[in-house]
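A short write-up of the structure that comes next.
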Amino acid sequence: MLTKAPRGTRDTLPSEIYKWHYVEDIIRKLCSYYGYREIRTPIFEHTELFERGVGSTTDIVQKEMYTFTDKGNRSLTLKPEGTAGVVRAFIEHKLYADALPLKMYYLSPVFRYERPQAGRLREHHQFGIECFGAQFPSVDAEIIDLAMTFFDTLGINNLQLNINSIGCPHCRKDYNAALKSYFNDNMEKLCGTCRVRLERNPLRIIDCKEEKCQALIDKAPIILDYLCDECNDHFEKLQRYLKVLGYQYIINPRIVRGLDYYTKTVFEIISNDIGAQGTVCGGGRYDGLIEQCGGPSLPGVGFGLGLERLLMVIEHQGIKIPEPAYNDVSIVSIGDEGYLKALYLASRLRAAGIFTDVDHMGKSIRAQFKRADKLGSRFCIVIGEDELSKSRFKVRNMQTGTQEEMDENTIIEYFKETANSWR
RNA sequence: GUGGGUAUAGCUCAGUUGGUUAGAGCGCCAGAUUGUGGCUCUGGAGGUCGUGGGUUCGACUCCCACUACCCACCCCA
């Protein structure tokens with residue numbers, strides 16, 4: 001146990017961190033193009049925030065939260081999703097006084113107590129977008145566009161955009177009534193959990209994968225037939241915008257999402273390359289959430305995008321992320337005097353912006369060169385007795401194997417210039 | 001929470017019906033080359049055989065439990 005990461009968690013090792021940096025750099029750049037700024041909120045919040053925000057009937061709240069009591073007897077919970085904390089910060093700092101809509105993004109770990117499987121961890125990482133204050137469907141289209149552009153920038157294809165509308169509280173009331181009467185008539189054909197759902201949240205039955213429920217669901221009333229004029233108009237406009245932006249999409253009335261706060265637009269971006277858990281990005285509109293959490297009545301839209309799943313898609317599609325060099329120059333030294341000079345020269349090179357490695361283990365010349373080779377050094381600088389006496393050092397090009405002699409200042413200038421072509 | 005599969009060196013994996021000292025390839029370290037990497041050759045280090053119990057003269061091997069990992073369900077990113 002001592003030397004084992006907890007179940008469902010993973011280490012990201014130095015040898016693979018460049019993939020995360022690459023993805024994160026694209027995220028930050030893309031968000032700035034779209035006018036979204038980063039927000040960072042705590043990794044844990046008061047438990048009641050999630051109970052209220054995510055919804056007490058959801059699986060997340062009922063069985064998946066990492067909840068603990070601190071020494072002050074407060075009930076706290078590790079974020080099971082990203083939106084609630086952002087909403088809380090928005091209300092707490094009265095950000096609704098800022099220019100609206102307020103557009104934010106986050107990169108954050110997310111914790112859910114579940115059985116791990118392909119594409120599912122107990123700690124995973126999400127890139128999320130939130131836009132507060134605007135009710136136009138063009139925002140819904142904007143965040144979908146951002147997500148799709150993100151995938152495109154990474155070179156990912158074969159993704160499927162699914163959209164649906166689950167209406168607002170007004171039209172959902174009619175739809176829930178229709179669902180209830182339909183399923184009540186067929187109660188005996190429903191699975192156990194769906195019978196419970198029928199009372200608490202009939203919409204969730206639509207999402208059930210049980211075979212016996214499937215048959216019923218196929219003939220069940222469809223939410224889209226019950227949308228009020230406003231919701232219908234919203235959904236129509238969203239589709240028009242998506243067409244203008246050139247996106248193929250599927251209207252999937254089965255997408256209802258597992259979080260209670262959604263209204264109107266919901267969407268998922270799905271990959272078939274990474275196993276059963278193929279939803280890489282999911283989100284939608286939540287017009288009642290901010291008010292529900294004690295803030296002003298303002299609409300919101302957002303999505304969450306799973307970075308581990310994203311990296312799985314990248315892996316499975318054979319997309320190569322460029323691995324940046326982490327060493328330019330290795331200094332190989334001989335003897336005590338040479339070693340002192342090596343330490344000094346390493347410091348000067350680093351100050352000039354050159355990634356420089358120097359021996360710290362008293363290795364032999366051969367071993368120092370071997371290490372340089374493994375690190376991918378472009379050059380080695382050799383400092384031995386001959387070099388010290390002449391104050392000219394050998395600079396060996398590790399690709400070509402040629403070497404020439406330079407004095408100290410020339411070395412610094414030389415690498416300063418050539419480093420431009422390396423990065 | 002439920003079901004199936006798996007667990008041997010840093011990594012990928014062999015290991016005979018249960019029989020002395022558990023192996024290979026790659027990787028790591030060193031030497032061949034006492035001031036020069038990659039290729040080659042030689043040598044070396046590295047294992048509580050997932051953990052605990054049981055059967056047996058004897059267990060990596062058979063049995064039980066636990067844990068972890070992989071996959072799937074529920075649900076989600």
Side-chain angles (χ1 to χ4, degrees), chain A residues 1-10 13 15 54 57-64 79-83 107-128 147 191-194 196-197 204 207-211 213 255-259 266-271 274-283 302-313 330-335 338 361 363-388 393-403:
Chain A
M1 281 303 110
L2 184 63
T3 53
K4 197 114 184 42
R7 180 163 209 200
T9 66
R10 282 151 81 114
L13 303 177
S15 56
V54 179
T57 68
T58 60
D59 280 15
I60 290 179
V61 169
Q62 284 187 341
K63 53 182 199 190
E64 294 174 4
K79 300 185 183 179
E81 55 90 59
T83 302
L107 286 160
S108 168
V110 171
F111 304 87
R112 285 179 209 166
Y113 190 86
E114 301 179 275
R115 284 285 284 269
Q117 71 180 82
R120 168 177 296 149
L121 296 163
R122 288 186 171 179
E123 180 191 30
H124 74 279
H125 297 79
Q126 285 190 18
F127 156 44
C191 71
T193 43
C194 281
V196 180
R197 286 172 177 150
R204 300 302 311 283
D207 209 24
C208 187
K209 272 92 179 173
E210 284 281 332
E211 221 169 285
C213 297
I255 295 202
V256 299
R257 314 283 307 145
L259 293 79
V266 291
F267 69 92
E268 290 186 6
I269 300 171
I270 300 166
S271 165
I274 56 172
Q277 308 303 324
T279 303
V280 182
C281 176
F303 68 64
L305 195 153
L307 296 180
E308 280 85 356
R309 286 186 189 175
L310 176 81
L311 288 165
M312 285 171 77
V313 175
S330 290
I331 304 183
V332 174
S333 68
I334 302 142
M361 295 177 73
K363 286 181 197 274
S364 66
I365 310 302
R366 177 181 155 83
Q368 290 184 59
F369 267 98
K370 283 193 121 166
R371 174 173 167 84
D373 197 52
K374 272 172 215 141
L375 297 189
S377 305
R378 301 163 198 271
F379 289 88
C380 279
I381 298 171
V382 183
I383 305 179
E385 278 178 31
D386 291 355
E387 290 81 1
L388 284 170
F393 308 98
K394 294 212 174 65
V395 176
R396 180 181 178 88
N397 182 321
M398 296 296 278
Q399 271 117 59
T400 63
T402 55
Q403 50 187 44

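Just so you know, these numbers use all the heavy atoms, side chains as well, and skip hydrogens, waters and symmetry mates. Letters go in sequence order (proteins before strands), and every chain restarts at 1.
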For nucleotides 9-12 of chain B, print each protein N/O atom paired with a nucleotide N/O atom at under 3.5 Å, atom names and distance only.
none

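- Counting distance only, with no hydrogens placed and no angle test, the side-chain atoms of A:Gln117 and the base atoms of B:C70 include no donor-acceptor pair under 3.5 Å.
- Side-chain atoms of A:Gln368 come within 3.5 Å of backbone atoms of A:Lys363 as a donor-acceptor pair (strictly under, hydrogens ignored).
- Between the P atoms of B:G10 and B:G50, the separation comes to 13 Å (whole Å).
- Annotation: B:G47 and B:A24 have their C1' atoms spaced 15 Å apart (nearest Å).
- If you check every strand for non-hydrogen atoms under 4.0 Å, A:Val382 touches a base.
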Name the pairs: protein N/O against N/O of nucleotides 38-43 of chain B, kept only if under 3.5 Å.
unit_1: B:G38; atom_1: O4'; unit_2: A:Asp373; atom_2: OD2; d: 3.2

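- Note on A:Lys374: only backbone sugar-phosphate atoms sit closer than 4.0 angstrom, heavy atoms only; bases stay farther off.
- Rounding to the nearest 0.5 Å gives a distance of 3.5 Å between CD1 of A:Ile365 and CD1 of A:Ile334.
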Discussion item. Reading 5' to 3' and counting Watson-Crick or G-U wobble pairs with both distances under 3.5 Å, write the dot-bracket notation for RNA chain B, | for bases paired outside the strand.
Written reply: (((((((..((((.....[...)))).(((((.......))))).....(((((..]....))))))))))))....
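- Side-chain N/O atoms of A:Gln403 and base N/O atoms of B:U36 include a donor-acceptor pair closer than 3.5 Å.
- At the phosphate of B:C69, OP1 or OP2 sits under 4.0 Å from a side-chain N or O atom of A:Arg7.
- Contact annotation for A:Glu114: base contact, defined as any heavy-atom pair under 4.0 Å involving a base atom.
- A side chain to side chain donor-acceptor pair (under 3.5 Å) with A:Ser108 holds for exactly one of A:His125, A:Gln126, A:Lys79; it is A:Lys79.
- In this structure, A:Arg257 reaches the B:A77 phosphate: one of its side-chain N or O atoms is under 4.0 Å from OP1 or OP2.
- Nucleotides of RNA chain B nearest to A:Ile334 and A:Leu305 differ in position, and the one nearer the 5' end is that of A:Ile334.
- Across B:U51 and B:A68, the matching C1' atoms stand 10 Å from one another, rounded to whole Å.
- Residue contacts shown for A:Leu121 include a base, since a base heavy atom lies under 4.0 Å away.
- At the heavy-atom level, A:Glu387 lies under 4.0 Å from base atoms of the strands shown.
- Where A:Pro116 and A:Ile269 each meet RNA chain B at their nearest nucleotide, the meeting point lying more 5' is that of A:Pro116.
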